[in-house]
Amino acid sequence: MNMKIALIAAEFEENLAMRYLWSAVEKRGHEVLFIRFNGPEEMEEAAMALAGSGASLAAYSMVFTSRALEFVRLAERAWSLGFRGYSVAGGHFATLYAEELLDQTKALHAVGCGEGEGLLVQLAEHLEDPSKVQGLVWRDAQGTIHRNGQPLPQEDLESIFPPVHRRPFDAFLGIPAANVIGSRGCLHSCSFCSISTWHRHCGGPRLRLRSPASIADEMASLYRDGVRIFNFHDDNFFLPFRADSLQRFQSLDREWKARGIRDIAFAVKARPDEIDEELVDCLLGMGLFRVFLGIEGGTETTLTQLGRGQRLADNERALEILGGRHLQTCFNLLLLNPDSTLEDFRANVAFLARHPEHPMNFCRTEIYAGTPLEARLQRQGRLLGDLWGLDYVMADPKVERVYEALRHILQGRSRGIQCLNHQAMLVDFELQLLERFHGGQESLRTAAQNFIRRLNGDTAQRLLRIAEMAESGQVAEDVWMERCEWQVLEALDAEAGFSAEAADLTRRIRALANPEVRNMSFRMRLSWAAAILVASTTLFGQSHTATPPKTPEPLQQDSELETFRREIGQKLAGSDAVKTFMSSGQPTFVLKVDLNKRGLIQSAQVLAQPVMILPAETDAAQTRRVPHLDLAARPNLAGCTLLIAFHQDEFISESLAGRMDVTLRPLETMICEVVAASPRDGVSIKKPNKPH
């Protein structure tokens, strides 16, 4: 019996996991409704869409621990609105917490463990008797939870239908882009990684490959539709043995050429110990332009603790090979883990300082279900939290203070899609594409390289300063917080300048790539850049991700800001002004303005919609007549972030659009009132006396 099936998932970038499911059930004659759920602000819309869909089956993608509870709340909200279909969850988190998840919420009926194409097709055929679905964990009418054996791994990748790719395609510099996978599985056993844990749980071969011909067929279809940028999401694009990798790459090259695929750019992920000069040169000739390199640790101690199976010399050599070929090479560094020492932290920072030319990001090692690291901390009695979020305290109290300082002082550089380090990655990413497809400009390349070097050098200095603060002996908590607070203020000032520089470099890159933009006035470029951002989205933040950062959300996903955003949305959701703007069909954007500790504008960034963040007390016509926004009369907003709504066709200050780093008092020519103000990134700012 054919039915309607709803797929609910995040889709910042093209979500291949759900789009493979889409293809599998659609080929069996079922109708698919895809419901995007990128954050809690979309909860009500997604729940209403599901409740009114008439779907008999709803499949939720629960991959990341950090968002699992949001998906549970969505399922519960859809149920309260009247959805009565069968609800199943899948993905890494759901698979590894199947029984616990079903025990926590009645809005989910089952969890599909392992790869979902065959499982979802079986479930659609046996909704009345889920006991027949291999790999399903489900609850019966009496509340008893059953597990139907181990998942059935999809060993033959050739038999899987190609995914239903997103249309219109994502695009960079106006060039269509698509995601592709050529393999499934991971051969490695990093102690912190849920990917390898999940594949082991699924059973079957640890690595399965698609044939080069199959990959080329899918790419050729996309190529005929205009795609020229391909992002490979393989966890093991390189094979364990160099000769096997070379043979596979050469076969891919032949298959591409046989199908007329040429003049493309593609990105891959790689481990440092897999990088080889001949292999890289082969891929360069095929169109490689970007490598997300799995550095993870900058010391032998860190690499051993993380179970990476690589040496520090591998990291150094890989960066030398890739950097010498002008490839966009970026990486993530796990600066801290449960057993870090200050000595190891300093050595990791020194590694960053030795390689300032590469865009990078840093974070703490997080704990995921089923990993060896989780098991070890559990045995030691050091594991904190619950299934919705696991945590730990560093073994060394001084290192714990380093982590707390990092969270407050440098979160603007490393946390969230729009963080400063991701802005730097985007600059380098689009510069590489510009040079590949349009030709470069030496002065622009030099400016971008200098920007990345100075940003990384500044970051390394601030990280070392944090280590010195923590190493200076026991100090009272209030003194420690005062020191951190001063560092926050200094970091915010520096970040504002770097962010403005990143915005200017991005504007210059896009202007060279698009002839229309070269003819635009300054006042229109900011709006044009916003439109590009709206069309370019991704999920970034996991150390395994290989796609560059794209559209920032209107607010960070910090719990305090989520509450603030929800309150604003509830206040304005039913206003006449919102309805007027939405019905007008005119593009409405939100400008995010950061004020420094003196209350002066130090940076501005155009964010995407929603249009619901608008003045509640005025209609559209009145809003257009607001002559200016006088921030000089609002000194209480020092250290805050303002959100200002405006129309694309309205006048924007030439200096604001062109440089975005100038002080404007008052901000003349802005055509809407301040509609919201919040502490920047959840940090409460006050100006302390500088500690000695």
Side-chain angles (χ1 to χ4, degrees), residues 6-13 15 17-18 21 33-53 55 58-83 85 87-98 100-112 116 194 198 366-369 385-391 415-418 537-542 545 551-570 573 608-610 612-613 678 681-682:
L7 304 178
I8 304 99
E11 191 167 54
F12 294 91
E13 64 167 328
N15 187 330
M18 293 304 275
L21 298 185
L33 171 66
F34 184 87
I35 299 176
R36 189 190 70 178
F37 181 48
N38 284 349
E41 71 280 358
E42 297 180 353
M43 175 90 65
E44 194 67 14
E45 180 182 357
M48 292 178 65
L50 180 56
S53 67
Y60 294 85
S61 173
M62 293 191 190
V63 178
F64 300 105
T65 302
S66 60
R67 293 208 60 206
L69 190 56
E70 293 176 17
F71 278 89
V72 169
R73 295 289 180 257
L74 173 60
E76 293 172 343
R77 179 56 178 156
W79 185 263
S80 72
L81 292 173
F83 178 70
S87 294
V88 59
H92 296 58
F93 173 87
T95 295
L96 299 171
Y97 276 127
E100 294 91 336
L101 188 56
L102 293 178
D103 187 59
Q104 288 280 338
T105 179
K106 303 305 179 185
L108 294 174
H109 301 95
V111 170
S194 62
W198 185 77
E366 300 300 338
I367 310 300
Y368 298 105
D386 54 25
L387 74 159
W388 307 120
L390 298 172
D391 202 355
R415 294 180 63 189
I417 294 175
Q418 59 185 358
T537 58
T538 190
L539 178 64
F540 198 98
Q542 297 295 321
T545 306
T551 302
E553 291 293 327
L555 287 174
Q556 297 273 6
Q557 295 300 314
D558 180 273
S559 59
E560 181 178 341
L561 293 187
E562 288 178 15
T563 301
F564 161 78
R565 180 179 187 163
R566 185 168 57 253
E567 291 173 351
I568 292 294
Q570 291 172 348
Q609 295 173 317
M612 63 190 248
I613 305 181
S678 66
D681 294 337

Can Tyr60 and Leu50 be said to form a side-chain contact (heavy atoms from CB on, under 4.5 Å), step by step?
CA-CA 11 Å; Tyr60 294 85; Leu50 180 56; 3.1 Å; yes
Leu74 and Ile8: CA distance, side-chain angles, deciding distance, side-chain contact (heavy atoms from CB on, under 4.5 Å) verdict
CA-CA 10 Å; Leu74 173 60; Ile8 304 99; 3.6 Å; yes
Kindly determine whether Ile367 and Asp391 satisfy side-chain contact (heavy atoms from CB on, under 4.5 Å), including the steps that lead there.
CA-CA 7 Å; Ile367 310 300; Asp391 202 355; over 6 Å; no
Begin from the C-alpha positions of Arg36 and Leu7 and carry the test side-chain contact (heavy atoms from CB on, under 4.5 Å) through to its verdict.
CA-CA 8 Å; Arg36 189 190 70 178; Leu7 304 178; over 6 Å; no
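Residues Thr65 and Tyr368 form a side-chain contact, since some pair of their non-hydrogen atoms from C-beta on lies under 4.5 Å apart. Between Gln104 and Val72 the shortest side-chain heavy-atom distance does not fall below 4.5 Å. Side-chain contact between Leu108 and Met62 is present, with heavy atoms from C-beta onward closer than 4.5 Å.
The environment of Met43 atom CE is dense: over 12 non-hydrogen atoms of other residues, nucleotides or ligands sit within 6.0 angstrom.
Contact detail for Met18 and Ala9: the closest heavy-atom pair is CG-CB, 3.4 Å. When all heavy atoms of Ala46 and Ile35 are compared, the pair lying nearest together is CB-CG2, 3.7 Å. Of all the heavy atoms in Leu102 and Ala110, the pair that sits closest is CD2-N, 3.6 Å. Summarising the geometry of Ala78 relative to Ala47, their closest heavy-atom pair is N-CB, 3.9 Å, with the distance given to 0.1 Å. A pairwise comparison of heavy atoms in Ser53 and Leu33 identifies CB-CD2, 3.4 Å as the closest pair.
With rounding to the nearest 0.5 angstrom, the CG atom of Leu101 is 7.0 Å from the CG atom of Leu387. Arg67 CZ to Ser61 OG: the interatomic distance, rounded to the nearest 0.5 Å, is 9.5 Å. Atom OG of residue Ser87 and atom NZ of residue Lys106 lie 14.0 Å apart, to the nearest 0.5 angstrom.
Between Phe37 and Phe71, the angle of the ring planes goes over 60°, which puts this pair in the perpendicular group of the 30/60° scheme.
Using a distance-only test at 3.5 Å, with no hydrogens or angles considered, a donor-acceptor pair links the side chain of Glu42 to the main chain of Asn38. Side chain of Glu11 to backbone of Asn15: a donor-acceptor contact under 3.5 angstrom is found.
Two rings, from Phe93 and Phe64, have their centers 6.0 Å or more apart.
Phe83 pairs by the ring pair (Phe, Tyr, Trp, His ring centres under 6.0 Å) definition with nothing, not counting sequence neighbours. Looking at residues two or more places apart in sequence or on another chain, you find no side chain to side chain donor-acceptor pair (under 3.5 Å) involving Asp103. Judged as a side-chain contact (heavy atoms from CB on, under 4.5 Å), and not counting sequence neighbours, the contacts of Ala369 are Leu96, Tyr97.
Taking a cutoff of 4.0 Å between a charged side-chain nitrogen and a carboxylate oxygen, Arg73 and Glu76 qualify as a salt bridge.
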